[in-house]
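For reference, the structure is listed below as C-alpha cells.
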Amino acid sequence: VQLQASGGGLVQAGGALRLSCAASGSIDSFNRMGWYRQAPGKQRELVALITSGGFANYVDSVKGRFTISRDNAANTVYLQMNSLKPEDTAVYYCAALNTLSAFWGQGTLVTVSS
C-alpha cells in the first residue's frame, strides 16, 4: 500500500490543522494506523495510534489537543491538531502497521510560529 500525507502548512501558535493520510488500497487489514513526527535534529517519535477497532493512544505532549481518526471506507486516516505549539513543528508521517510489516507515507511539514 502507498500512503499520501497532506494537510501540513504554516500556522500560528494556538491554531489548528488537519492532516490526512490517503492509502492507495484498503487499510482494513492494518491493525494499527499511526502518525509520527520528526523535528529537526531529533528522532522520529510516535504521536498517535489508532487500532482497527477505533481505540486511540497519544503521546503525552499532544493529549487533549490532537485527535486521530480513521475512515476505513475512504482508506484515510486523519490527525486533527488543535492548540498548536511551536514545539509541534516537525515533518509528520503516517504509517500503516501490522505485526510483520510497516508502510510509511512521504511526510508533510507542519510549522508552528510563535
Side-chain angles (χ1 to χ4, degrees):
V1 66
Q2 292 183 328
L3 304 174
Q4 180 73 40
S6 61
L10 174 64
V11 64
Q12 289 187 333
L17 285 174
R18 188 174 85 151
L19 305 183
S20 298
C21 175
S24 61
S26 174
I27 63 172
D28 289 352
S29 62
F30 294 99
N31 54 29
R32 292 170 295 159
M33 299 293 295
W35 286 97
Y36 291 72
R37 67 185 179 188
Q38 187 166 17
K42 296 188 176 180
Q43 290 187 333
R44 189 173 299 188
E45 68 168 350
L46 172 66
V47 176
L49 280 175
I50 186 166
T51 70
S52 55
F55 292 100
N57 288 291
Y58 302 90
V59 66
D60 285 347
S61 60
V62 308
K63 284 181 180 177
R65 300 188 297 121
F66 291 12
T67 303
I68 188 171
S69 60
R70 64 191 287 171
D71 183 344
N72 286 353
N75 297 319
T76 303
V77 179
Y78 303 97
L79 186 68
Q80 177 66 43
M81 307 186 295
N82 298 328
S83 302
L84 283 160
K85 303 176 180 181
E87 51 264 42
D88 295 318
T89 294
V91 177
Y92 285 71
Y93 300 88
C94 61
L97 307 167
N98 273 331
T99 303
L100 299 177
S101 61
F103 296 87
W104 294 88
Q106 86 289 359
T108 184
L109 176 63
V110 172
T111 304
V112 185
S113 63
S114 58

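All figures in this text were calculated on a predicted structure; none of them were measured in a lab. Below, all heavy atoms of this structure are taken into account, side chains as well, without hydrogens, waters or symmetry copies.
Between Leu17 and Val110, the shortest heavy-atom contact is CD1-CG1, 3.9 Å. Taking each heavy atom of Ala13 and Ser114 in turn, the nearest pair found is CB-CA, 4.4 Å. Shown here for Asp28 and Asn72, the closest heavy-atom pair between the two residues is OD1-CB, 3.2 Å. Gly25 and Val1 get closest at one heavy-atom pair: N-CG2, 3.5 Å. Closest non-hydrogen pair, Ser26 versus Asn75, comes out as CA-OD1, 3.2 Å. When all heavy atoms of Ile27 and Met33 are compared, the pair lying nearest together is CG2-CE, 4.0 Å.
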task: Would you check, one step at a time, whether the test side-chain contact (heavy atoms from CB on, under 4.5 Å) holds for Val77 with Ile68?
output: CA-CA 7 Å; Val77 179; Ile68 188 171; 4.0 Å; yes
message: Between Leu19 and Tyr93, does the side-chain contact (heavy atoms from CB on, under 4.5 Å) criterion hold? Intermediate values first, please.
response: CA-CA 10 Å; Leu19 305 183; Tyr93 300 88; over 6 Å; no
message: What verdict does the side-chain contact (heavy atoms from CB on, under 4.5 Å) test give for Leu3 and Cys94, after you've listed the backbone C-alpha separation in whole Å, the side-chain angles of each residue and the deciding distance to 0.1 Å?
response: CA-CA 7 Å; Leu3 304 174; Cys94 61; 3.7 Å; yes
task: List the steps, then state whether side-chain contact (heavy atoms from CB on, under 4.5 Å) holds for Phe66 with Val47.
output: CA-CA 9 Å; Phe66 291 12; Val47 176; 3.7 Å; yes
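The hydrophobic clustering, which links ILVMFWY residues whose side-chain heavy atoms are closer than 4.5 Å, places Leu79 and Leu49 apart. Val112 and Val91 fall into different hydrophobic clusters, where Ile, Leu, Val, Met, Phe, Trp and Tyr side chains are chained together by heavy-atom contacts under 4.5 Å. In the hydrophobic clustering of this structure, Leu97 groups with Leu46; members are Ile, Leu, Val, Met, Phe, Trp, Tyr whose side-chain heavy atoms approach within less than 4.5 Å, directly or through other members.
When atom types are taken as modelled, the side chain of Ser24 and the backbone of Gln2 share a donor-acceptor pair closer than 3.5 angstrom. Distance alone, capped at 3.5 Å, is enough to place a donor-acceptor pair between the Gln106 side chain and the Ala5 backbone. With hydrogens and angles ignored, the 3.5 Å screen pairs no side-chain donor or acceptor of Thr108 with any backbone N or O of Ser6. Under the 3.5 Å distance criterion, the side-chain polar atoms of Thr76 are matched with a main-chain donor or acceptor of Ala74. For the pair Thr51 (side chain) and Arg32 (backbone), a donor-acceptor distance under 3.5 Å is absent. Although no hydrogens or angles enter the test, the distance criterion places no donor-acceptor pair under 3.5 Å between the side chain of Asn98 and the main chain of Leu100.
Ring centers of Trp104 and Tyr36: under 6.0 Å apart, within the cut-off.
Donor-acceptor pairing under 3.5 Å is recorded for the side chains of Tyr92 and Arg37.
Cation-pi geometry between Arg18 and Tyr78 is satisfied (NZ or CZ under 6.0 Å from the ring centre, within 45° of the ring normal).
Taken from CZ in Arg70 to CZ in Phe30, the straight-line distance is 9.5 Å, to the nearest 0.5 Å. Taken from CD1 in Ile50 to CG in Asn57, the straight-line distance is 9.5 Å, to the nearest 0.5 Å. In this structure, CZ in Arg65 is found 7.0 Å from OG in Ser83, a value given to the nearest 0.5 Å.
Residues Lys85 and Asp88 are not paired through a salt bridge, judged by the lack of any N-O separation under 4.0 Å between the basic side chain and the carboxylate.
Side-chain contact check for Asn31 versus Thr99: some heavy-atom pair is nearer than 4.5 Å. Using a 4.5 Å heavy-atom threshold, the side chains of Tyr58 and Thr67 count as touching.
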